[in-house]
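Okay, so here's the structure we're looking at.
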Amino acid sequence: MVEGKNVVLGITGSIAAYKAVDIAAKLTQKGLAVDVVMTKAATKFVSALSFRSVTHRPVITDMWETPAEFNIEHVSLAERADVVVIAPATANTIAKLAAGIADEILTCTVLATRAPIILAPAMDAGMYSNPITQENLAKLRSRGFIIAGPGYGWLASGLVGMGRLVDPNEILGTIFQALGKKGDLVDKHIVVSAGGTREPIDLVRYIGNRSSGKMGYALAEAARDRGATVTLVTSVTELPPPAGVEVIPVESALEMREAVLKATAAADVLIMAAAVADYHPAKVAKDKIKRESETLTLELVKTPDIIGEVRGNIIKVGFAAESKDLIVRGTEKLKKKKLDLIAVNDITAEDSGFATDTNRVILIDRKGKVEQLSLMPKYEVAHLILDKVVVLLSRAQRSPAEKDT
Ligand code: PMT
């Protein structure tokens with residue numbers, strides 16, 4: 001979805017500038033064209049060569065000495081940009097932008113562009129909390145600028161407070177979200193579940209499973225990147241929460257059920273990638289169970305079938321983790337749970353299913369159409385599932401008689 005898009009990445013004079021090299025590298029790896037524009041102060045913290053090395057493109061540091069291939073640089077950059085990001089954005093540059101000052105190529109580009117603009121502030125806590133900076137940020141926000149961060153933590157001054165450049169992954173997520181604003185899932189609300197539920201036994205122990213949440217997170221990010229409003233109901237704490245996604249943390253199947261039923265009340269699509277426990281302990285001990293008896297018997301009771309309980313005019317996509325007879329068992333689950341689509345994992349394969357970065361699934365729809373996907377990153381699997389969701393949504397919008405055509 002983002003391949004071939006143009007990003008102008010502005011760097012201003014902050015110690016956090018080195019972190020932008022990673023942002024530039026990750027954007028380039030995803031197939032985006034990244035034009036880095038540095039203020040003079042930024043070049044004191046990190047060299048233009050670092051950015052040139054990771055983007056394989058000229059880096060612009062001076063309005064008067066621009067590379068020959070660009071004409072009227074700030075105008076061509078501004079027009080070409082699908083998104084402009086300034087990370088880190090200093091209090092000084094923020095103030096200039098709020099006042100409409102265009103004294104360097106970066107501020108000129110921002111003033112000239114019609115693309116979405118993202119600012120990731122990074123500065124000393126005192127500068128950030130100063131009412132002048134706060135007013136400037138509020139003004140820019142009211143004009144449609146997207147402000148990512150800052151975060152709280154250790155600052156270069158030695159103080160601890162607000163002003164740290166927000167995590168680069170969050171900046172990347174915000175960029176992809178901005179680029180997705182014209183995607184094919186705009187105006188759609190998609191609820192995704194992720195991770196393995198944890199069923200408490202006592203104060204410290206639980207019954208869990210090997211789901212890492214990677215598949216569900218990939219789905220949430222892919223849906224966000226296509227413009228959807230995304231709610232992620234997750235039992236996972238190890239993965240960074242995707243930027244631009246509403247994250248609802250849960251632990252047990254019962255908590256997931258409550259969160260999913262609430263989130264889907266007005267949603268268009270539910271994708272259950274979570275590995276929900278089928279049984280949970282009948283009783284949860286209030287204290288830690290002591291290691292006294294030779295054996296210990298736990299009574300387990302069935303958990304509610306969450307996806308089966310979701311009602312209303314909603315597209316339902318389920319997953320099935322199977323070790324044999326994949327198509328037969330997947331089809332059975334699709335029918336039993338009244339799903340629109342099911343993605344069946346072969347959990348005996350080492351490179352797919354639980355806790356891997358890649359997956360190989362079989363997609364089965366209501367009409368019995370079976371599609372075997374090859375091995376690919378979970379993010380790509382997510383997009384192929386969403387391609388099907390887009391078709392299902394368009395069918396759902398047509399009259400009931402047309403739906404089956
Ligand atoms: O998280 P990862 O490490 O990336 O791994 C991904 C995955 C292998 C967990 C994922 O791709 C997957 O297969 N998830 C579903 C696993 C599973 O629980 O399958 P199931 O056959 O038990 O359940 C079928 C469907 O019903 C699932 O969509 C499940 O979320 C849903 N379900 C199950 C039980 C229950 N009580 N309520 C449910 O809604």
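Both ligands and their constituent atoms are indexed starting at 1 by order of listing.
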Legend entry - Set of ring-ring contact (aromatic ring centres under 6.0 Å, His included) partners for His280, sequence neighbours left out: none

Legend entry - Residues lining ligand 1 [heavy-atom distance under 4.0 Å, listed by chain and residue number]: Ser211, Ser212, Gly213, Lys214, Met215, Met272, Ala273, Ala274, Ala275, Val276, Ala277, Asp278, Thr303, Pro304, Asp305, Ile306, Ile307, Gly318, Phe319, Ala320, Ala321, Lys333, Lys337, Asn345, Gly353, Phe354, Ala355, Lys378

Inset, instruction - Under the ring-ring contact (aromatic ring centres under 6.0 Å, His included) rule, collect the residues that match up with Tyr379, sequence neighbours excluded. - result: His383

Inset, instruction - Would you check if there is a donor-acceptor pair between the side chains of Ser50 and Tyr18 at a distance under 3.5 Å? - result: no

Donor-acceptor pairs are to be reported for all side-chain atoms of residues 252-262 against protein atoms at under 3.5 Å, with residues two or more places apart or in another chain.
residue : atom : partner : partner atom : Å
Ser252  : OG   : Glu255  : N            : 3.2
Glu255  : OE1  : Glu251  : N            : 2.8
Arg257  : NE   : Glu309  : OE1          : 2.7
Arg257  : NE   : Glu309  : OE2          : 3.4
Arg257  : NH2  : Glu309  : OE1          : 3.2

Legend entry - Within 6.0 Å of CG in Leu300, more than 12 heavy atoms from elsewhere: yes

Legend entry - Main-chain N/O of Gly353 paired to Lys378 side chain as donor or acceptor, under 3.5 Å: yes

